[in-house]
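Letters go in sequence order (proteins before strands), and every chain restarts at 1.
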Amino acid sequence: MLSFFQMRPTRVLSKQAKLLLLSKHGTTTRFPPFFRFLTVEADASQLPPPPTTTTTDGAANVNQVVELLRSKDDNWDDEELRRLLSSAASVFTPPRLLQVIRRLGDSAKALKFFEWLQKDQLSSLLSLPSASYAYEAIFDLASKEPNHLLKLSELLITSNAHGVPLTSGSASIVVYHFGRAQMVTELLRVYDVLDPSLRKTRLCNSIVDPLLKSNRIEDALRILDDMLKPDSQCPPNDFTGSIVFITFLKSLIPGRILNEEQVIRLISKLGEHGVFPDVMRLTQLITKLCRGGNTDLAWDSLHAVMKMGGPVEAPSCNALLTWLGRSRDFERMNLVLAEMKEMGIQPNVVTFGILINYLCKSRRVDEALQVLEKMSREDGSGGVAIQPDVITFNTLIDGLCKVGRQEEALDLANRMKLQHGYSPNTVTYNTLIDGFCKAGEIDRSRELFDQMQEEGVAPNVITLNSLVDGMCKHGRISSALEFFHDVQSKGLQGNTVTYTSLISAFCNVNNIVKAMELFDEMISVGCSPDSVVYYTLISGFSRAGRLDDAYSVALKMQEAGFCLDTLSYNALLSGLCKKKKLDKAYELLREMEKKGIRPDEVTYNILISTLSTAEDFSNARMLLEKMISDGFVPTVVTYGALIRGYCRAGNLDEAMNILRDMDSISKVPPNTVIYNTLIDSLCKEKEIEAALSLMDDMQAKGVLPNTTTYNSIFKGLQEKNWLDKAFELMDRMNEQACNPDYITMEVLTEWLSAIGETARLRNFVHGYEVSSSPSVRQQKGDPWNNSSACHNAHKITSI
DNA sequence: ATAGGGTTAG
C-alpha cells in the first residue's frame, strides 16, 4: 500500500521510523514535496519530485472530502468519510490527503482528521513519510492562527507522541516562530527531536542565535559543537560567525559566561571552517577583552586568527598594541610589530602613534623622536613612508613637556607647522601651556594662551585648567581665581577639575574656609563632585588637623555614592597619626580591612613614619618586614621615615647606617629630602663638617640641594660663624637658581646684619656675586626682572 | 594626543 511512493528512508526519517518502514516493506519510496513553505534550508536533493500521476477523479474526491469535513463541524459522518476515501483508494493518494488537510484551513480540525485517520483502517494513508508531511501542513496552518506559539508547542509534543518525525519544513516553521519569541526550551526540543540529517546550517543558526541572545550559552555551545565537528553536516557559515562574534562583543563574555578556553576554541574551530571575524569585529573583540583586563586572551585571539590565515589588518593589531603599551609590555609590543612586518600587515599612522605614545609615557622621548624620523622615511626594505599627523606630533610635544623639555616641545610645534603644514590645534597649545605651567613659567603659558586666540584656536576647559593649576601650584592663587573669573565672563565654564585645583591650593595655604566656599560654589554651578575633589578636601582637612571635618567630608563622599579609596584612607590615617591619635588610626585600619580596601605602599610609609617618630623602632622595622612580605618595595620615602625617626631620637649613627644600606643593599637612590633630614640633624648637633661632607656627597651623586638644604646649612654655619663658607654657598644658591625663602632671609639677615655685611646680602638677593667682594660687580642680569626680554622667540611661528 | 589626588625634610 505504500507503493505509491518511491521510498528513500535514509535521510529524512528517524531511526525508529526507518526500522518500522523497512520491516514492513523494504522497498524504496519517494516523498512528495508538497509543502515547502518557509523551508529555510532549500535542499532539492532531500525532497522527492512531485508524483507523476494525478487524475481528475482524485481532484473531485479532494473537494468532496473537504466539503464533508468542513460542513459537519466536528462530527462528520464516519461512514461517509470512509466511503469517500476508500472508494477512490487507487486515486486518493497521500498527496491528495495533504491537499485536504491544507484546504481545511484549521489546524485543530486538521489534527482531528489526522487522528481519525490514524485510528481508522485507512491509516495506511498516513504511513510515516506522508504523516510527517501531513504534520508539516498542520504546523503551517497553526502558525497562521491566533495563539500560534502555544499551538505549535502542543503540536510539537503531539507529533512526537505520534512518533511522527519532523520534516525540514516543519522544523523551519517552528524554529522561525519559537526563535522570534525566544522560546529557548522549545527550540532545544526541536533540535533534539530533529533527525540529524535535517539539522542544516541555517536552521542551526536560527536556533543558536536566540539561545545566545537569551544568554543560554551552554545550550548554544552544545549545538555549536555539533556544527563545528570536522565532518559536520551543518558547517558554520558567515552568519554563524557573526552571531557568535556579536555575542563575544556583548561583554557578557569574557571570563564570566564564556571562559577563556571556550572563546579561543570557538575562534579556532570557526577558523578551521574558514569562518573568521571581520577586521572590525576582531578589533572590537580585542578592545573589549583588553578593557576587561584580559589582554592575554586578546593576544591569543589575534594570534589564533593570524595563524589560521584570517583577515588581520593594522586596526586589530593597534587595539592590542594600545593595551600592551598601557601595561608597559614593551616586549610583546615588539613581538606584535615584528609579526606585522613578517605577515606583511602594513602599519598605519595609528600604529606608529601607539609606539610613540608608549615611548613618551615611559619617558623615552628620544627613542620616540627617532620613531618619528623613521616613519616619514622610506626605508627601502618594503616599508612605506607613513606621514605623521597632528596627533603624532602632539603626543611627542606632550612627551617632551612631561620630561621638562618644553623648549624643544615648542621647537617641534614650529617644525610641525613649517615642515609639515599642520597648524597647532587646541591640544597642541594645551600641551605646551601645561608644560610651561608645570615648569613654573606661567607668563610663557599666558603668552601662548593669548597667541592661540589670536590665531583662532579656541581654548577649552583643559586650557583653563592647566593655567589655573599652574598658577595655583606656583603660589599665584589670586591670579588663578582672577584668571578663572576672567575666562568665565568670556563664556568658558570651569568644571570639577578647575575647582579641585583651586580647592587644593587653598587647602595648602590652610585657608579651609575658602576651600569649602569653592566646594559649595562648585556644586551650585552644577559641577558634580567626584572622588578626587572629595579626596582633596579630606586631605586638606586632615593636614590642617581638622579630623572631624575630614571625617564629615568622608561621610558626605560615601553618601554621594563614592567609596573611600586607599588614597582617602591614607589621608585620614596620616591626619590621625600626626595628631598621635593612634587608637583611631588602628580603628581606621580595621575599617579598611573590613571593607576590603587594600593598604598600599603609602599606607605602610605613614605607619612606619608614625612608629619611627614615636621611637618605636622595633615595630617600625617589623612593619617594614611585613611591607616587603606583602609584596611592596620600600622606597626612598620609607627609608626617609626611618632616618627621620633616628635623627629625632638623636641616633645619627643609625640614621647614617640606613643611608649606607640604601646605597649598598636596597639600591634605592637617596633624594634631596633624605639628605636634608640628615644635614639638618647634623647641623643641629653642631657637626657642620659632616653636614658639608654630605652636601659634597649630594653633588657627587647628582642630587640637587634645595632651599631647605641651604637653610639648614646656613643655620649650622651661623652657629660656628663660618662666613666664607656661607658666602660661597650663597653664590652657589644663585648659580643653581635656588630661590631663598623667608627662612633663608631670616637667618641671613640676622647673621649678616649683626656683623655689618648687609651689602653682601643685598647682592645675594639681586643675584650678584657675594663671595669675592661686597661691592657691586658686573651685572649678571636680574633674575627677578627678566620677564619679556625676547618673548617673540618663544612663539609658534605664524605662516 | 591635552587638565585636578600621596606618604618623608624645614
With respect to the side chain of [X], which nucleotide from [options] is positioned closest?
X: A:Asn495; options: B:dG4, B:dA3, B:dG10; value: B:dA3
X: A:Thr395; options: B:dA1, B:dT2, B:dT7; value: B:dA1
X: A:Ile606; options: B:dG6, B:dT7, B:dG10; value: B:dT7
X: A:Val497; options: B:dG5, B:dT7, B:dA3; value: B:dA3
X: A:Asp680; options: B:dA1, B:dT7, B:dG10; value: B:dG10
X: A:Ile391; options: B:dA1, B:dA3, B:dT2; value: B:dA1
X: A:Thr708; options: B:dG10, B:dA1, B:dA3; value: B:dG10

Euclidean distance, atom [atom1] of residue [X] to atom [atom2] of [N] [Å, nearest integer]:
X: A:Met627; N: B:dT8; atom1: CE; atom2: C1'; value: 12 Å
X: A:Lys438; N: B:dT2; atom1: NZ; atom2: C1'; value: 10 Å
X: A:Leu412; N: B:dA1; atom1: CG; atom2: C1'; value: 13 Å
X: A:Gln406; N: B:dT2; atom1: CD; atom2: P; value: 17 Å
X: A:Leu572; N: B:dG6; atom1: CG; atom2: P; value: 14 Å
X: A:Tyr535; N: B:dG4; atom1: OH; atom2: P; value: 14 Å
X: A:Tyr358; N: B:dA1; atom1: OH; atom2: P; value: 16 Å
X: A:Phe506; N: B:dG4; atom1: CZ; atom2: C1'; value: 15 Å

Using a 4.0 Å heavy-atom cut-off, does [X] contact any base of the nucleic acid, only the sugar-phosphate backbone, or nothing at all?
X: A:Thr496; value: base
X: A:Asp434; value: sugar-phosphate
X: A:Ile743; value: nothing
X: A:Ser501; value: sugar-phosphate

Charged N to carboxylate O below 4.0 Å: is that the case for [X] and [Y]?
X: A:Arg415; Y: A:Asp411; result: no
X: A:Lys361; Y: A:Glu367; result: no
X: A:Lys402; Y: A:Glu408; result: no
X: A:Lys514; Y: A:Glu517; result: yes

Tell me if the side-chain of [X] makes a donor-acceptor pair with the base of [N], cut-off 3.5 Å, by modelled atom types.
X: A:Asn605; N: B:dG6; result: no
X: A:Asn460; N: B:dA3; result: no
X: A:Asp600; N: B:dG6; result: yes
X: A:Asp530; N: B:dG4; result: yes

Notebook entry, point to check: Counting N and O atoms only, with roles assigned by atom type, does the side chain of A:Asn460 sit under 3.5 Å from a partner on the main chain of A:Thr463, one being a donor and the other an acceptor?
Noted result: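 Yes, because the side chain of A:Asn460 sits within donor-acceptor range (under 3.5 Å) of the backbone of A:Thr463.
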
Item checked: Contacts of type salt bridge (charged side-chain N to carboxylate O under 4.0 Å, His left out), residue A:Glu625, not counting sequence neighbours ->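 None.
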
Has [X] got a side-chain N or O lying under 4.0 Å from the OP1 or OP2 atom of [N]?
X: A:Lys361; N: B:dT2; answer: yes
X: A:Lys473; N: B:dA3; answer: no
X: A:Lys402; N: B:dA1; answer: no

Residues 533-541 of chain A side chain polar contacts: donor-acceptor under 3.5 Å, at least two apart:
residue	atom	partner	partner atom	Å
A:Thr536	OG1	A:Val532	O	2.8
A:Ser539	OG	A:Arg543	NE	3.3
A:Ser539	OG	A:Arg543	NH2	3.1

Next item on the list: Answer yes or no on whether A:Arg476 is positioned over the face of A:Phe483, meaning its NZ or CZ is under 6.0 Å from the six-membered ring centre and within 45° of the axis.
Entry: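 No, cation not above the ring by the 6.0 Å, 45° rule.
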
Next item on the list: Decide if the gap between the ring center of A:Tyr499 and the ring center of A:Phe519 is smaller than 6.0 angstrom.
Entry: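 No: the rings miss the under 6.0 Å criterion.
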
Next item on the list: Output the residues of residues 669-678 of chain A in contact with DNA chain B, where contact means a heavy atom of the residue under 4.0 Å from an atom of the strand; sort by number or write none.
Entry: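 Close to the strand are A:Val673, A:Asn676, A:Thr677.
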
